[in-house]
Amino acid sequence: MTPYEIAGQITSIIAMSCNIISYQYKAQRQLIICQLLGGTFFAISFFLLGATVGGLLNILAVIRAVVFLFPKKLNASHPAWLVGFIACYILFYILTFTVFDKEPTPMAFLIEILPVIGMTSLSIAMMFQDSSKVRQFGLISSPAWLIYNIYYFSVGAIICEAFSLISIFIGMLRHDKKQ
């Protein structure tokens with residue numbers, strides 16, 4: 001294993017920790033800060049591991065988190081943000097098969113759309129400015145990423161999404177259930 005790969009794996013463990021912990025916060029601001037940190041570390045990790053598309057999607061996740069961290073200042077509820085993010089996700093999906101030379105097979109089209117679905121669902125959730133909605137849409141995002149990670153057998157990412165799903169359910173039980 002190269003020093004870059006070791007650094008990438010260590011960074012991914014830090015990112016995984018941030019993402020898993022994020023669902024335990026009741027306040028959306030804390031949840032978003034934790035996910036911003038996770039996205040930053042995952043972007044670094046993916047670039048260190050040579051996974052350019054994963055790095056780019058996580059840079060967008062960081063930008064998305066900053067926008068929703070300052071919702072009034074950046075007018076985060078404006079639909080243009082959501083449309084812009086989704087357009088970028090789709091653009092990266094297309095670039096996967098053009099610029100990054102992924103073979104365009106039906107299976108590849110299906111597998112590569114999963115992270116786009118995951119990123120889109122959490123972007124929609126953040127428009128609600130409600131941590132319970134983030135957890136609900138996390139039930140779309142995490143399974144999409146989990147299937148993607150299983151397909152590529154990314155052990156660290158599989159563990160992250162498994163823990164994220166467990167954390168989402170615990171967060172829902174703690175914060176979202178009717179009294």
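All residue numbers refer to positions in the sequence shown, counting from 1.
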- Would you check, one step at a time, whether the test side chain to side chain contact (heavy atoms under 4.5 Å, CB included) holds for M172 with L139? CA-CA 11 Å; M172 287 177 149; L139 291 177; 3.5 Å; yes

- Message: Treating Q24 as the side-chain partner and S167 as the backbone partner, does any N or O pair qualify as donor plus acceptor under 3.5 Å?
- Response: yes

- Message: Restricting to side-chain contact (heavy atoms from CB on, under 4.5 Å), what partner residues turn up for C88, sequence neighbours left out?
- Response: L60

- Flag yes if L91 and W81 sit in one hydrophobic cluster, no otherwise; membership is Ile, Leu, Val, Met, Phe, Trp, Tyr, and two members link when side-chain heavy atoms are under 4.5 Å apart. yes

- Message: Going by ring pair (Phe, Tyr, Trp, His ring centres under 6.0 Å), name the residues that satisfy it together with F97, two or more places apart in sequence or in a different chain.
- Response: Y93, F109

- Query: With hydrophobic residues grouped by side-chain heavy-atom distances under 4.5 Å, do I111 and I90 end up in a single group?
  - Reply: yes

- Message: I'd like to check the side-chain hydrogen bond (donor to acceptor under 3.5 Å, both in side chains) partners of S132; sequence neighbours left out, ordered by chain and number.
- Response: D130

- Item | Spacing of CG belonging to L165 relative to SG belonging to C160, to within rounding of 0.5 Å | 10.0 Å

- Message: When you compare the side chain of F42 with that of N19, does any pair of heavy atoms fall below 4.5 Å?
- Response: yes

- Query: Closest heavy-atom contact between T120 and V116?
  - Reply: OG1-O, 2.7 Å

- Query: Can you name the residues that form a side-chain contact (heavy atoms from CB on, under 4.5 Å) with S123, not counting sequence neighbours?
  - Reply: R64, L82, F85, Y89

- Message: I'd like to know if M1 and I44 are part of one continuous hydrophobic network [Ile/Leu/Val/Met/Phe/Trp/Tyr, side-chain heavy atoms within less than 4.5 Å].
- Response: no

- Sorted by chain and residue number, the side-chain contact (heavy atoms from CB on, under 4.5 Å) partners of V99 (sequence neighbours excluded) come out as L95

- Query: With distance as the sole test, does S121 use its side chain to make a donor-acceptor pair with the main-chain N or O of G118 at under 3.5 Å?
  - Reply: yes

- Task: Tell me, please, which residues at least two apart from F92 pass ring pair (Phe, Tyr, Trp, His ring centres under 6.0 Å).
- Result: none

- Qualifying residues under side-chain hydrogen bond (donor to acceptor under 3.5 Å, both in side chains), relative to S164, sequence neighbours excluded: none

- Assess whether side chain to side chain contact (heavy atoms under 4.5 Å, CB included) is satisfied between W145 and M119, documenting all intermediate values. CA-CA 9 Å; W145 278 100; M119 297 291 274; 4.0 Å; yes

- Item | Partners passing ring pair (Phe, Tyr, Trp, His ring centres under 6.0 Å) against F41 (at least two apart in sequence or in another chain) | none

- Nearest-0.5 Å distance that lies between atom CD1 in I168 and atom CG in L173: 12.0 Å

- Message: Testing the basics here: between A65 and L36, what is the closest heavy-atom pair and its distance to 0.1 Å?
- Response: CB-CB, 3.7 Å

- Task: Identify the two heavy atoms, one from L146 and one from I158, that lie closest to each other, and give their separation to 0.1 Å.
- Result: CD1-O, 3.7 Å

- Item | Short side-chain to backbone donor-acceptor contact, S141 and G138, under 3.5 Å | no

- Query: Is a donor on one side and an acceptor on the other found under 3.5 Å between the side chain of S45 and the backbone of G8?
  - Reply: yes

- Item | Hydrophobic cluster identity match, Y4 and L56, side-chain contacts under 4.5 Å | no

- Smallest heavy-atom separation, A76 atom then V67 atom, equals CB-O, 3.5 Å

- Message: So K133 and I124, do their side chains get closer than 4.5 Å, heavy atoms only?
- Response: no

- Item | Contact list for residues 105-119, test salt bridge (charged side-chain N to carboxylate O under 4.0 Å, His left out), sequence neighbours left out | K102-E112

- Those residues that, when tested against K26, pass salt bridge (charged side-chain N to carboxylate O under 4.0 Å, His left out) (two or more places apart): none

- List the atom of F47, the atom of G55, and the distance in Å for their closest heavy-atom pair. CZ-C, 3.6 Å

- Set of residues satisfying side-chain hydrogen bond (donor to acceptor under 3.5 Å, both in side chains) with respect to S12, sequence neighbours excluded: none

- Message: Do I170 and F163 land in one hydrophobic cluster if side-chain heavy atoms of ILVMFWY residues count as linked below 4.5 Å?
- Response: no

- Message: Can you give me the closest heavy-atom contact between C18 and C34, atom names plus distance?
- Response: O-SG, 3.1 Å

- Item | Rounded distance (nearest 0.5 Å) linking atom CG of L69 with atom CD of Q28 | 9.5 Å

- Query: Is any side-chain heavy atom of I32 less than 4.5 Å from a side-chain heavy atom of Q35?
  - Reply: no

- Message: I'd like to check the side-chain contact (heavy atoms from CB on, under 4.5 Å) partners of F70; sequence neighbours left out, ordered by chain and number.
- Response: R29, V66, K73, L74

- Item | Side-chain donor or acceptor of Q9 paired with backbone N/O of I6 under 3.5 Å | no

